[in-house]
Amino acid sequence: MNAITTVGQPTSSNNFFTGTFYLTIAGKLVEAKNTFDVINPSTGKVFAKAPAASAEQLDDAIAAAKAAFKDWSALSYDARQVYLNSYADALQENRDDLVRLLTLEQGKPLETMAAPEVDQAISYIRQIANRRVPVEIVEENDSHIVELHHVPLGVVGGITPWNFPVLLALWKIAPALITGNTFVLKPTPFTPLTALRFGEIAQSVLPAGVLSVVTGLDELGPQLTNHPDIAKISFTGSTETGKHVLRAAAGTVKRVTLELGGNDAAIVLPDADYKTIIPQLFWGALGHQGQWCVGIKRLYVHRSFHADFVKAFVDYAKTVKVGDGLDPEVGVGPVQNKMQFDKLKTFLDDIKANGQKIVLGGEIDENQSGYFFPITVVDNPPEDSKIVQEEQFGPIVPIIAYDDVDDAVNRANDSIWGLGGSVWGRDTKVAVEVANRIEAGMVWVNEIHTQGVDIPFGGVKQSGIGTEQGHEGRLLFTNPKTVLIHK
């Protein structure tokens with residue numbers, strides 16, 4: 001292992017965006033022999049190099065985490081809270097640089113998406129630091145006491161996607177650390193840089209080995225999931241990749257939490273004041289370039305106002321500027337990577353080949369640099385169409401007419417996925433009744449994308465296994481241990 005600098009060396013702001021990026025292993029900043037390109041999706045050009053860790057370096061990171069686990073897990077919750085709050089303070093000091101770097105590598109608008117993501121991540125660490133998983137007294141009588149302890153697992157491996165590379169990583173790291181685990185993070189190669197920087201920042205405040213960040217190409221993922229010293233994998237990504245993670249974890253009976261794909265439906269009920277909720281529905285579907293796991297992928301609107309709704313939705317969409325996320329007037333940035341950009345083209349090709357009605361967008365400027373995909377609205381495509389049945393994960397939304405609420409619910413549930421959903425209507429009681437029939441891990445009523453440290457989040461069907469957030473999510477970073485004490 002080739003250590004380059006010592007713990008605590010600050011990153012120069014001048015080099016924060018395009019300077020040298022390091023792996024973080026055993027409290028040190030570590031150079032890799034090889035690097036890989038990182039693309040700015042607004043230009044389609046390389047703007048930085050990220051270290052490509054070797055198999056040996058990943059082994060080093062896991063070994064360091066295993067060595068650190070003994071002392072870290074022995075600390076009290078209060079002691080770990082101090083460390084986590086110091087980490088949040090250190091991230092806050094670098095907040096503006098992290099926000100800009102996030103926009104450069106991910107593409108999301110700086111003020112409306114990148115800044116909130118970084119701010120929420122920092123706030124999340126502080127909130128998690130206050131949470132505890134207490135010992136429970138299961139039974140007590142004259143002869144004995146039965147205690148239920150929740151003990152840390154060991155070394156947790158995290159694999160994170162490119163849509164929310166800061167927030168989704170710290171959603172995993174913070175609860176794992178506060179419950180006494182150590183952590184090795186492998187971010188996606190599409191957006192590795194912010195993770196590397198907050199890994200560097202961590203080394204100045206956390207004990208060596210408690211948090212390592214190791215970047216590389218796809219071959220590192222299987223090594224992490226197969227490794228015998230990894231006790232749990234927390235993965236966010238596609239359903240197909242999640243299946244590979246699950247198979248690999250089975251070899252050593254690892255614990256897994258999988259947050260996978262979704263084809264979330266929004267149902268606008270017949271009594272909805274649809275004109276007032278169009279901004280929420282637009283941003284719920286097409287904000288963040290449509291690259292939300294729980295974004296609205298299918299929008300079901302009652303036929304009585306379907307035509308008017310489509311017109312109003314398109315009129316609103318026309319007010320939103322698509323462009324470089326560094327432009328303060330931009331509301332929707334580029335698609336994050338060429339792979340996803342090309343995938344979206346297949347949806348567009350299918351829509352056109354089948355004569356479906358595009359009422360906005362649908363034409364890509366091939367002369368434009370970067371991965372800019374036009375906001376595209378498809379009016380009432382058939383239920384068996386590709387755009388309705390598959391997850392587009394981009395700025396295309398179908399608006400589908402329905403006549404009967406029962407039919408809309410059945411169509412919403414007719415999916416291999418069940419991550420999220422939403423129901424919109426004036427009569428809240430009726431809307432809640434409909435929401436309770438939606439087969440999904442999280443359903444919003446008259447709001448969208450409200451989440452929080454104490455709100456459990458997870459999918460059903462092929463949208464995942466396990467829960468993130470909430471007390472339920474924190475418990476999944478622990479093993480239950482029953483202690484029976486004879487009086």
Side-chain angles (χ1 to χ4, degrees), residues 16-17 39-43 47 91-92 94-124 160-171 190-191 193-195 197-198 264 266 276-297 299 312-337 340-341 344 360-361 368 370-377 392-397 420 422 444 447-452:
F16 202 92
F17 311 114
I39 307 293
N40 179 339
S42 289
T43 65
F47 83 102
L91 289 172
Q92 186 66 48
N94 291 274
R95 180 261 189 196
D96 292 347
D97 286 339
L98 286 167
V99 167
R100 185 173 178 84
L101 182 59
L102 179 56
T103 293
L104 288 173
E105 70 169 339
Q106 207 285 332
K108 60 184 65 183
L110 187 143
E111 291 298 331
T112 59
M113 289 301 300
E117 178 176 348
V118 173
D119 289 341
Q120 289 169 27
I122 295 170
S123 174
Y124 181 76
T160 49
W162 45 261
N163 59 334
F164 287 93
V166 174
L167 187 59
L168 293 182
L170 290 168
W171 268 17
F190 289 117
T191 54
L193 301 182
T194 43
R197 288 299 189 223
F198 69 65
D264 295 13
T276 65
I277 61 176
I278 278 176
Q280 289 172 277
L281 293 169
F282 173 88
W283 293 109
L286 298 169
H288 196 250
Q289 301 76 257
Q291 297 171 154
W292 324 81
C293 298
V294 286
I296 296 171
K297 312 288 173 49
L299 186 45
F313 191 94
V314 167
D315 287 344
Y316 184 86
K318 288 178 178 178
T319 69
V320 178
K321 182 179 179 181
V322 178
D324 190 323
L326 294 177
D327 181 344
E329 295 183 357
V330 161
V332 172
V335 173
Q336 200 284 317
N337 57 75
Q340 186 63 23
F341 185 73
L344 287 167
L360 180 67
Q368 190 175 25
Y371 307 131
F372 293 103
F373 198 95
I375 295 171
T376 300
V377 179
Q392 66 274 50
F393 214 71
I396 311 175
V397 63
S422 59
W444 292 273
E447 62 180 13
I448 192 74
H449 294 163
T450 303
Q451 292 179 321

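Since the model is a prediction, treat every value here as computed from it, not as a measurement. Position 1 is the first residue of the sequence; numbering continues from there.
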Minimal non-hydrogen separation, [X] against [Y], with atom names:
X: H288; Y: M113; value: CD2-CE, 3.4 Å
X: A121; Y: L170; value: CB-CD1, 3.6 Å
X: P165; Y: F198; value: O-CE2, 4.2 Å
X: D324; Y: V330; value: O-CG2, 3.4 Å
X: T112; Y: P116; value: O-CG, 3.4 Å
X: G394; Y: L286; value: O-CD2, 4.4 Å

To the nearest 0.5 Å, what is the distance between [atom1] ([X]) and [atom2] ([Y])?
X: D97; Y: T194; atom1: CG; atom2: OG1; answer: 12.5 Å
X: L101; Y: D96; atom1: CG; atom2: CG; answer: 12.5 Å
X: R197; Y: N94; atom1: CZ; atom2: CG; answer: 9.5 Å
X: Q451; Y: W171; atom1: CD; atom2: CH2; answer: 4.0 Å
X: Q340; Y: Y371; atom1: CD; atom2: OH; answer: 12.5 Å
X: W283; Y: I278; atom1: CH2; atom2: CD1; answer: 14.0 Å

Given side chains that start at C-beta, do those of [X] and [Y] come closer than 4.5 Å, heavy atoms only?
X: F282; Y: T319; answer: no
X: F372; Y: S42; answer: yes
X: F190; Y: Q106; answer: no
X: L168; Y: N163; answer: yes
X: L360; Y: F313; answer: no
X: T43; Y: P334; answer: no
X: V99; Y: L110; answer: yes

Is Q289 reaching over with its side chain to a backbone N or O of V335, donor-acceptor style, under 3.5 angstrom?
->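 A pair under 3.5 Å: no.
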Hey, does the side chain of E105 reach the backbone of Q336 with a donor-acceptor pair shorter than 3.5 angstrom?
-> no
Look at the rings of W292 and H449 and say which category their plane angle falls in: under 30° parallel, 30 to 60° tilted, over 60° perpendicular.
->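 Ring orientation of W292 relative to H449: tilted.
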Under the side-chain contact (heavy atoms from CB on, under 4.5 Å) rule, what do I296 and D264 come out as? Steps first, then yes or no, please.
-> CA-CA 5 Å; I296 296 171; D264 295 13; 5.7 Å; no
List the steps, then state whether side-chain contact (heavy atoms from CB on, under 4.5 Å) holds for L104 with L326.
-> CA-CA 8 Å; L104 288 173; L326 294 177; 3.9 Å; yes
More than 12 heavy atoms of other groups within 6.0 Å of E111 CD =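 No.
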Steps toward side-chain contact (heavy atoms from CB on, under 4.5 Å) verdict (L98, V166) = CA-CA 9 Å; L98 286 167; V166 174; 5.9 Å; no
Charged N to carboxylate O below 4.0 Å: is that the case for D327 and K321?
-> yes
